[in-house]
Each structure stands twice: as C-alpha cells, then as structure tokens.
Novice: 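Here it is, the structure in full.
Each chain gets a letter, A, B and so on, in the order the sequences are listed, and its residues count up from 1.
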Number of protein chains: 2
Amino acid sequence: METWDAIRTRRKLDEYAPGQIEEEKLTRILEAGRRAPSSRNQQRWHFVLVRDRDQLRRLSRVWRGAAHIADAPAAIGVVAPHSDDPRESASINFDLGQAVMSMMIAAADLGIGTRHAAVEDYDLAAEILDLPEGLRLTWMFGLGFPGDRPLSPVQNPDRRDFDDVVHEERW
Amino acid sequence: METWDAIRTRRKLDEYAPGQIEEEKLTRILEAGRRAPSSRNQQRWHFVLVRDRDQLRRLSRVWRGAAHIADAPAAIGVVAPHSDDPRESASINFDLGQAVMSMMIAAADLGIGTRHAAVEDYDLAAEILDLPEGLRLTWMFGLGFPGDRPLSPVQNPDRRDFDDVVHEERW
C-alpha cells in the first residue's frame, strides 16, 4: 500500500474479526518497531507478542479500558524501564510512542487494525508477563483484522482543524 | 512510495541539502501529524512550522544538540502542555512520539529526511516562539532533502537484534 494511504487508513479498531494474523505479518510489524528511532539510539524497549487466549484475557485486566485485548487475535506489549526522573520518563515515553506508531502504520499497510490500551496495574502486568525488576508493561495494543468495517483511508478524521493545530514561524 | 519502503527509509539526516521543500509536501507532513492518535483523542499538541532562517538559527540554541536546526530548510516544533503529573506527562509524550513518527514516515515517503532535536532551555524556546503560558516547545525536528547520501531503505539498521527485542507470550 502507498504510505499516504496507510497513514490515513490507521484508525482505532472497534471490533476484531476472529482469525489469526499470519506470522510474517506480525514479524514485519515488530520489525517496524525495532527500527524506530530513539534518543541516542538507546532503544529502551522490549516488545512482547501475545497470542495465547488465556494470556490475552489476563492482560485485558490491567486497565479498565483494556477489556478489548481479551478479544484480539494478538497483542503487543511494550515493556520499558520505569524512571522517576521527569525528563528521562518523557524521553522514554516519546520513544515508545514513535515505536508504537511505526508498528501501527506497518499494520495498517498490511490490512491489520490496531487499538491502544494503557496500563494501570503495573504489578499485575509484571506478574502476567514475568517481567524482571525495573521493567514495566508501559503500553500495549491489540491487533486484528477489522470486524467492524473495512480499513480504508479516513476522509474526515475526528481531529482539530489543520489551522488550529498548525502555526507558522511562531504562535 | 510503498509503506514498508518509507518505514525502512526513514533515518537520521546527517546533512541538509540547500533548497526549499515544496509547500504541499510540508502540508502533507503536518497533516500526518494532525491525524495521529492520542489518548482519548485529546490531541494535546500544536505544530509550529519554521522556515525563516533567523528563526531557525534562534531555535538551534535551545539545546546543545539542536545546532543542526540552523542549517535545515524547515523545522517543525512540537508544542504541548507541560504537566508535573508523571502519568499525564507520560501520556502526553507518548502521543507526541506518535505524531512525530507519523510526520517522519510521511516525510520519508516524499524523499524528505528528518532529524530530531530535544529542547533544554524551555524559556528561551517559549520566547522565540511567543508561546502562551503553560505550553512548551517539547520536541522538534528539522526537515530537508538529504545532503549526505540518497534516502533509500536501510538494509541493516543499527539496532538490537530482533530476538533480543521481541519476546513471545512472556519475558
């Protein structure tokens, strides 16, 4: 798919269709994340691909908004160090956003929809994923073919107007 | 360009070629950012497109690693609310990472290279951009045609091995 189409096609999936995602597609999506840029190329991330139904169900309980993970054919958990330093935390989370966006655009390109989930219960998530001390399941997202409506470029995204968002030279 | 090519083509530009970027290309890049997903669709961002050489020179002083902005044909400053709440700050920065990645992939698709810059002197940046109270120039990046070597898919990115980054089901 053309890049501009993939960027415009990515949207929040409301419903996952049943059916597995091909292995090579998941590999490509994860590879897009692996290639993402990061501050001083630190790559402070691990990606945990989850497809086991019981494991997906357990993960769906780490946040009230994560229930949809229980129905997804797959999820990718983004694991990163936790920092109490505001500047380092901002940098880590910015980099994780870059990696996740890269994976979501790669997924849209393959006809695969995605949906974010935040994490609230870090301890429960760490227990489910057997995470080492100091690492957190920081974000995750579900992946699947669309069960709601086909994926195609969104013509009028629900976003603030271009002129409200974009400034020239200064405020 | 095919999406997978654009994702693999994006890399840090070492040198900007002189010459302006066409208006419609900049518009498309900014539109990619405007369309990015965000927590509860809050879109906590403004994008300031800077092309004036004096303004670019001033911005190059907001961080020791931002000197390259002085040589860029254009830069996009990402302005966002600052929060002292760790969870909100993480969420804002994650969303900004998503918006920036989307813009960088859109740029790569158009043959335009990009390069990140962080910000250290928020007060100076706010003065340069006339920012209202409570908003910060949080991140920025330069854009330009490559002055170093042509943009093409990176075959062997300088990244940790796939098997080191990716886990299945659990740690």
Side-chain angles (χ1 to χ4, degrees), chain A residues 1-4 6-8 10 12 28 30-37 39 41 43 45-52 55 84 86 89-91 93-98 100-102 104-106 109 116 118 128-132 138-139 154 157-160 162 165-171, chain B residues 1-4 6-8 10 12 28 30-37 39 41 43 45-52 55 84 86 89-91 93-98 100-102 104-106 109 116 118 128-132 138-139 154 157-160 162 165-171:
Chain A
M1 193 188 287
E2 284 285 320
T3 311
W4 186 234
I7 287 173
R8 291 180 304 150
R10 190 221 57 79
K12 184 182 82 174
R28 180 184 279 197
L30 290 157
E31 171 69 7
R34 183 180 80 96
R35 283 173 172 259
S39 172
N41 200 22
Q43 309 166 64
W45 53 51
H46 289 263
F47 308 135
V48 185
L49 171 64
V50 177
R51 284 178 286 186
D52 179 74
Q55 191 71 332
D84 287 323
S89 173
S91 167
N93 280 285
F94 179 82
D95 288 349
L96 299 184
Q98 296 195 112
V100 166
M101 193 72 214
S102 202
M104 288 191 163
I105 293 172
D109 177 59
H116 293 88
I128 296 167
L129 295 179
D130 280 338
L131 299 185
T138 311
W139 305 99
V154 177
D158 175 21
R159 295 289 185 272
R160 283 158 53 215
F162 188 91
V165 172
V166 175
H167 305 248
E168 295 216 37
E169 302 304 340
R170 54 181 54 74
W171 189 258
Chain B
M1 194 189 284
E2 284 285 321
T3 312
W4 185 235
I7 287 172
R8 291 181 303 149
R10 189 221 57 81
K12 184 180 85 175
R28 179 182 280 196
L30 290 157
E31 171 69 8
R34 183 181 80 96
R35 283 175 172 258
S39 171
N41 200 23
Q43 310 167 62
W45 51 50
H46 288 264
F47 308 136
V48 184
L49 172 64
V50 177
R51 286 178 283 185
D52 177 75
Q55 192 70 331
D84 286 324
S89 173
S91 168
N93 279 285
F94 178 82
D95 288 348
L96 299 183
Q98 296 195 112
V100 166
M101 193 70 212
S102 200
M104 288 189 163
I105 292 172
D109 176 59
H116 293 87
I128 296 167
L129 296 179
D130 279 339
L131 298 185
T138 311
W139 305 99
V154 176
D158 175 22
R159 294 290 185 273
R160 284 158 51 216
F162 188 91
V165 172
V166 175
H167 305 248
E168 296 214 36
E169 302 305 339
R170 52 182 54 76
W171 188 259

Novice: Begin from the C-alpha positions of B:R159 and A:E31 and carry the test side-chain contact (heavy atoms from CB on, under 4.5 Å) through to its verdict.
Specialist: CA-CA 10 Å; B:R159 294 290 185 273; A:E31 171 69 7; over 6 Å; no
Novice: Let's test your reading of the structure: which of A:V165, A:D95, A:V166 forms the most heavy-atom pairs below 4.5 Å with chain B?
Specialist: A:V165
Novice: Pick one of side chain, backbone, both or neither for B:Q43, based on which atoms fall under 4.5 Å of a heavy atom in chain A.
Specialist: both
Novice: For B:S91, is it the side chain, the backbone, both, or neither that has a heavy atom closer than 4.5 Å to a heavy atom of chain A?
Specialist: both
Novice: Can you name the nearest heavy-atom pair linking A:D109 to B:W4, along with the distance?
Specialist: OD2-N, 4.3 Å
Novice: For the candidates A:G33, A:P132, A:S39, which exhibits the highest count of non-hydrogen atom pairs separated by less than 4.5 Å from chain B?
Specialist: A:P132
Novice: Looking only at heavy atoms, what is the nearest atom pair of A:R170 and B:D130, with distance?
Specialist: CD-OD2, 3.3 Å
Novice: Under 4.5 Å, counting heavy-atom pairs only, tell me which of A:N41, A:I128, A:V100 racks up the most with chain B.
Specialist: A:N41
Novice: So, does B:E169 use its side chain to make a donor-acceptor pair with the main chain of A:D52 at under 3.5 Å?
Specialist: yes
Novice: Most heavy-atom pairs under 4.5 angstrom with chain A, which of B:M104, B:K12, B:R8?
Specialist: B:R8
Novice: Report yes if the side chains of B:R10 and A:P37 come closer than 4.5 Å at any heavy-atom pair, otherwise no.
Specialist: yes
Novice: So, does B:Q98 use its side chain to make a donor-acceptor pair with the main chain of A:Q98 at under 3.5 Å?
Specialist: no
Novice: For chain B, which candidate among A:M101, A:E168, A:Q55 shows the most heavy-atom pairs at distances under 4.5 Å?
Specialist: A:M101
Novice: Picking from B:S89, B:A6, B:A36, B:A90, which has the most non-hydrogen pairs under 4.5 angstrom with chain A?
Specialist: B:A90
Novice: Look at the aromatic rings of B:H116 and A:F94 and report parallel, tilted or perpendicular, splitting at 30° and 60°.
Specialist: perpendicular
Novice: Give me the atom names and distance for the closest heavy-atom approach of A:R34 to B:P157.
Specialist: NH2-CG, 3.8 Å
Novice: Rounded to the nearest 0.5 Å, how far does CD of B:E2 lie from OG1 of A:T3?
Specialist: 7.5 Å
Novice: Before you tell me yes or no, could you show the steps for B:H46 and A:R160 under side-chain contact (heavy atoms from CB on, under 4.5 Å), namely the whole-Å CA-CA distance, both residues' side-chain angles and the distance that decides it to 0.1 Å?
Specialist: CA-CA 10 Å; B:H46 288 264; A:R160 283 158 53 215; 3.1 Å; yes
Novice: Check B:I7 against A:A32 and note the closest heavy-atom contact, atom names and distance.
Specialist: CG2-CB, 4.1 Å
Novice: Looking at side-chain heavy atoms only, is the closest gap between B:R35 and A:V154 below 4.5 Å?
Specialist: yes
Novice: Tell me, side chain or backbone of B:D84 under 4.5 Å from chain A's heavy atoms, or both, or neither?
Specialist: neither
Novice: How many angstroms lie between CG in B:L96 and CG in A:N93, if you round to the nearest 0.5 Å?
Specialist: 10.5 Å
